[in-house]
K.L.:
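Once you've had a glance at the structure underneath, I'll fire off some questions.
Residue numbers start from 1 in every chain, and the chains themselves are labelled A, B, ... in the order their sequence lines are given, proteins ahead of strands. Atoms considered below: every heavy atom in the structure, side chains included; atoms not considered: hydrogens, waters and symmetry mates.
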There are 2 protein chains.
Amino acid sequence: MHLIMTKSPHTAPPLEATVTELSLAVGLLLRRLRAETNPDGLTWSQTMVLARLERSGPMTTADIARAEAVKPQSMGATLTELEGDGLVERHRHPSDGRQILFSLTAKGVEARRRRGAAKQKWLLEAITALNPEEQATLMSAVTLIKRLGASGSRHGEEP
Amino acid sequence: MHLIMTKSPHTAPPLEATVTELSLAVGLLLRRLRAETNPDGLTWSQTMVLARLERSGPMTTADIARAEAVKPQSMGATLTELEGDGLVERHRHPSDGRQILFSLTAKGVEARRRRGAAKQKWLLEAITALNPEEQATLMSAVTLIKRLGASGSRHGEEP
DNA sequence: TATTGTTATACTCTATAACTATA
DNA sequence: TATAGTTATAGAGTATAACAATA
């Protein structure tokens with residue numbers, strides 16, 4: 001069991017150190033993920049949206065924006081790119097003419113399948129190299145980080 | 001103890017799901033952190049560099065770039081901004097005329113102190129709201145995430 | 001020749017503001 | 001009037017490429 005220790009107990013309450021260390025760690029990992037995203041010419045953000053649609057099924061622009069904690073306009077831009085690449089398609093909402101549902105196309109599903117094999121190999125290997133206890137800790141932490149990411153926000157929760 | 005379960009056991013090995021879920025969670029949290037960074041007019045990246053210099057002492061451009069997993073040119077831009085704001089200052093390296101050491105100025109130290117109190121209040125509160133076991137899990141995971149972020153890379157390790 | 005840093009340029013991601021269409 | 005989405009513009013954060021100075 002590894003615990004983060006601040007250099008001296010009097011600097012700050014441990015939880016403040018955790019905020020800083022968590023921020024640094026998350027920033028570092030995300031930059032690594034971003035830097036390596038690209039077997040299909042997809043950016044990291046595009047990949048994340050595809051992953052979410054695959055997992056959650058058809059969603060509206062606003063729904064995806066809420067889940068990813070970005071503004072609808074920003075998500076609209078990403079979806080337009082993905083649509084241009086033929087990876088997602090739009091459908092009219094059955095009862096509300098304003099809303100538009102996005103879902104993966106066959107090509108989008110295929111892109112997800114290919115990625116599963118090739119991408120983020122380094123991260124998969126790094127996680128595989130952890131011992132079982134560490135893997136369990138990481139998986140538990142993922143749910144906690146999601147809660148933190150969704151907490152105290154005007155944003156909606158993730159499904 | 002919370003475990004992430006994939007919807008059906010046959011979709012993918014659990015560790016692949018962990019890669020995806022970890023990516024989504026980290027992306028979400030980082031967007032929240034980025035969005036809220038700004039009591040002093042500092043951006044998130046600037047804040048992270050100040051935090052690192054505070055923790056590790058004087059570092060060269062290349063050192064910081066390695067630690068943050070960005071290119072030296074990118075870090076150079078960030079450091080130039082911070083220098084322009086009077087938060088960091090440069091010093092000649094004692095033995096190598098090519099290298100430049102950056103350290104916090106008094107104003108930079110003050111900015112860190114003020115931030116400790118005010119910033120990322122929502123995250124500190126969210127972490128405080130976790131139970132002790134969850135907090136311990138999170139702290140353990142921070143060290144794991146740092147290792148993942150540094151793994152398999154041409155980048156150096158973090159101090 | 002290899003390394004550290006700088007300058008110039010471009011792309012990704014996201015935000016804010018103003019607008020249109022539907023509820 | 002409130003909500004979903006679109007269009008236009010801007011800024012932050014990086015990257016790549018080409019260069020200068022030092023080792």
K.L.:
Are any of the side-chain nitrogens in A/R55 or B/E21 under 4.0 Å away from the carboxylate oxygens of its partner?
P.N.:
yes
K.L.:
Kindly say if B/T61 contacts the phosphate of C/dT4, meaning a side-chain N or O under 4.0 Å from OP1 or OP2.
P.N.:
no
K.L.:
Could you tell me whether A/R113 and A/E54 make a salt bridge, using a distance below 4.0 angstrom between a side-chain N and a carboxylate O?
P.N.:
no
K.L.:
If you look at every strand shown and take non-hydrogen atoms under 4.0 Å, does B/T60 touch a base, only sugar-phosphate, or nothing?
P.N.:
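Contact class for B/T60: sugar-phosphate only.
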K.L.:
Any side-chain donor-acceptor pair under 3.5 Å between B/S103 and B/H91?
P.N.:
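Yes, side-chain donor-acceptor contact under 3.5 Å.
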K.L.:
DNA chain D: A/G27 or A/A77, which has the more 5' nearest nucleotide?
P.N.:
A/A77
K.L.:
Would you say a side-chain N or O of B/R31 is under 4.0 Å from OP1 or OP2 of C/dC13?
P.N.:
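Negative; the distance criterion is not met.
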K.L.:
OP1 or OP2 of C/dT3 versus the side-chain N and O atoms of B/R66: is any pair under 4.0 Å?
P.N.:
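It does not, given that no N or O in the side chain of B/R66 lies less than 4.0 Å from OP1 or OP2 of C/dT3.
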K.L.:
Is a side-chain donor or acceptor of A/Q135 paired with a backbone partner of A/I127 at a separation under 3.5 angstrom?
P.N.:
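Here the side-chain-to-backbone pair exists.
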K.L.:
For B/G76, report the nucleic acid contact type (base, sugar-phosphate, nothing); a contact means any heavy atom under 4.0 Å.
P.N.:
nothing
K.L.:
Which residue, A/S74 or A/S95, contacts DNA chain C at a nucleotide closer to its 5' end, judged by nearest heavy atom?
P.N.:
A/S74
K.L.:
Would you mind telling me which of C/dA15, D/dG5, D/dA15 lies closest to the side-chain atoms of B/K71?
P.N.:
D/dA15
K.L.:
Let me know, please, whether B/D96 or A/I100 comes out on the 5' side of the other along DNA chain D by nearest nucleotide.
P.N.:
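Final value for this comparison: A/I100.
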K.L.:
Once you apply a heavy-atom cut-off of 4.0 Å, does B/R92 come out as touching a base, just sugar-phosphate, or nothing?
P.N.:
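Touches nothing.
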K.L.:
Taking the nucleotide of DNA chain C with the closest heavy atom to each, which residue, A/Q73 or A/R98, is nearer the 5' end?
P.N.:
A/Q73
K.L.:
Ignoring the backbone of B/Q99, work out which of D/dT6, C/dT4, C/dA15 is nearest its side chain.
P.N.:
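Looking only at side-chain atoms, B/Q99 lies closest to C/dT4.
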